Amino acid sequence: MAHWLMKSEPDEVSIDDVAAAPAQTVLWFGVRNYQARNFMRDGMRVGDQVLFYHSSCAEPGIAGIVEVASTAFPDPTQFDPASPYYDPKASAAAPRWVSLDVRLVRRCAPLGLKQLRAFPELAAMRLLAKGSRLSVMPVEAAEWDFIAARLGAP
DNA sequence: GCCAACGTTGGC
DNA sequence: GCCAACGTTGGC
C-alpha cells in the first residue's frame with residue numbers, strides 16, 4: 001500500500017467538508033498538473049492512505065488522513081464550460097484530467113507547515129522541498145510513519 | 001498584495 | 001527543440 005499527500009484549499013474542500021459528506025466521501029477534482037494527474041491515474045489504488053493538507057490558508061498544514069476510495073476516472077469538471085476547471089482541449093473521447101473518490105479516515109489536530117519543517121526527520125520530504133507546488137505527491141513510508149505517530153486527536 | 005519558483009505556451 | 005513570456009501556486 002502506497003502513501004500520498006494531497007493539498008486542498010479549505011475554502012474549497014476542507015477536512016470538515018469530507019467528514020460532513022455522504023459516506024464521508026468526496027470527489028477529488030480540479031487537478032490540472034500532469035505530474036499530479038499521473039500520480040492519481042497510475043499510482044493511486046483503492047485503500048492507499050493520504051495525508052490531507054490544507055494549503056493557501058491561515059494555517060497551512062496536515063488536517064487529517066483520508067483514503068483512496070476509487071481508481072481514477074475522467075474528471076467531470078473538465079467537460080463543464082461553467083466550471084473554473086473547464087478544459088476546452090479535453091473531450092469525452094480524449095479526456096485529459098482525472099478524478100477519484102477519497103474517504104475520511106480521521107481528522108487530526110492540525111500539524112502545521114512550520115512544525116513539519118522543524119523535524120530533521122522530514123527534511124527530505126517532497127512537500128518541504130524549495131519551490132514545491134505539486135498538489136498530489138507520494139510520501140515515503142518512513143515519513144508517513146513518523147508523521148502518523150505525531151498526529152493528535154482533533 | 002508580494003514574490004519566488006515552477007509549468008505551460010507559442011513563436012521561431 | 002529552444003527559450004522568452006506568461007500564468008499559477010502558495011507561503012508570507
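From a predicted model like this one, the values you see are computed outputs, not experimental measurements. Chain A is the first sequence line, chain B the second, and so forth, proteins listed ahead of strands; every chain is numbered from 1.
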Next on the checklist: From CZ of A:R126 over to P of C:dT9, roughly how many Å is that when rounded to an integer?
Outcome noted: 17 Å
Checklist entry - Quick one: A:Y34 OH to C:dT9 P, roughly how many Å, whole number? => result 14 Å
Checklist entry - How would you list all residue pairs meeting salt bridge (Lys or Arg N to Asp or Glu O under 4.0 Å) that involve residues 22-31 of chain A, not counting sequence neighbours? => result none
Checklist entry - Counting side-chain heavy atoms from CB outward, which of B:dG7, B:dG10, C:dG10 is closest to A:S55? => result C:dG10
Item to check | Residue pairs fulfilling side chain to side chain donor-acceptor pair (under 3.5 Å) with at least one residue in residues 14-32 of chain A, sequence neighbours excluded | outcome: A:S14-A:D17, A:D16-A:R107, A:R32-A:D75, A:R32-A:T77
Item to check | Candidates A:Y86, A:Y85, A:F29, A:Y34 - the one meeting ring-ring contact (aromatic ring centres under 6.0 Å, His included) with A:W97 | outcome: A:Y34
Item to check | Listed nucleotide nearest any side-chain atom of A:Y53, set C:dG11, B:dG7, B:dT9 | outcome: C:dG11
Next on the checklist: What is the separation between atom CD on A:E9 and atom P on C:dG11, rounded to the nearest whole Å?
Outcome noted: 9 Å
Next on the checklist: With side chain to side chain donor-acceptor pair (under 3.5 Å) as the rule and sequence neighbours excluded, what pairs involving residues 38-50 of chain A come up?
Outcome noted: A:W4-A:D48, A:N38-A:R41, A:Q49-A:E67
Checklist entry - Roughly how many Å is it from CD in A:E59 to P in C:dC12, rounded to a whole number? => result 10 Å
Checklist entry - Which residues in residues 130-138 of chain A have at least one heavy atom lying under 4.0 Å from any atom of DNA chain B? => result A:K130, A:G131, A:R133
Next on the checklist: Nearest whole Å is fine: how far is B:dA5 P from A:L127 CG?
Outcome noted: 17 Å
Item to check | Whole-Å distance separating the CZ atom of A:R37 from the C1' atom of B:dG7 | outcome: 14 Å
Side-chain donor-acceptor pairs under 3.5 Å in residues 141-154 of chain A, sequence neighbours left out?
| unit_1 | atom_1 | unit_2 | atom_2 | d |
| --- | --- | --- | --- | --- |
| A:E143 | OE1 | A:E140 | N | 3.1 |
| A:R150 | NH1 | A:F146 | O | 2.8 |

Checklist entry - Over how many whole Å does the gap from A:Q35 atom CD to B:dC6 atom P extend? => result 12 Å
Checklist entry - Has the side chain of A:R117 got a donor or acceptor atom that lies under 3.5 Å from a matching backbone atom of A:L128? => result yes
Checklist entry - C:dC12, B:dT9, B:dT8: which one has an atom nearest the side-chain heavy atoms of A:L113? => result C:dC12
Checklist entry - Taking only residues two or more places apart in sequence, or in another chain, which ones meet A:D87 in a salt bridge (Lys or Arg N to Asp or Glu O under 4.0 Å)? => result A:R96
Checklist entry - Could you give the CD1-to-P distance, from A:I62 to C:dG10, as a whole number of Å? => result 15 Å
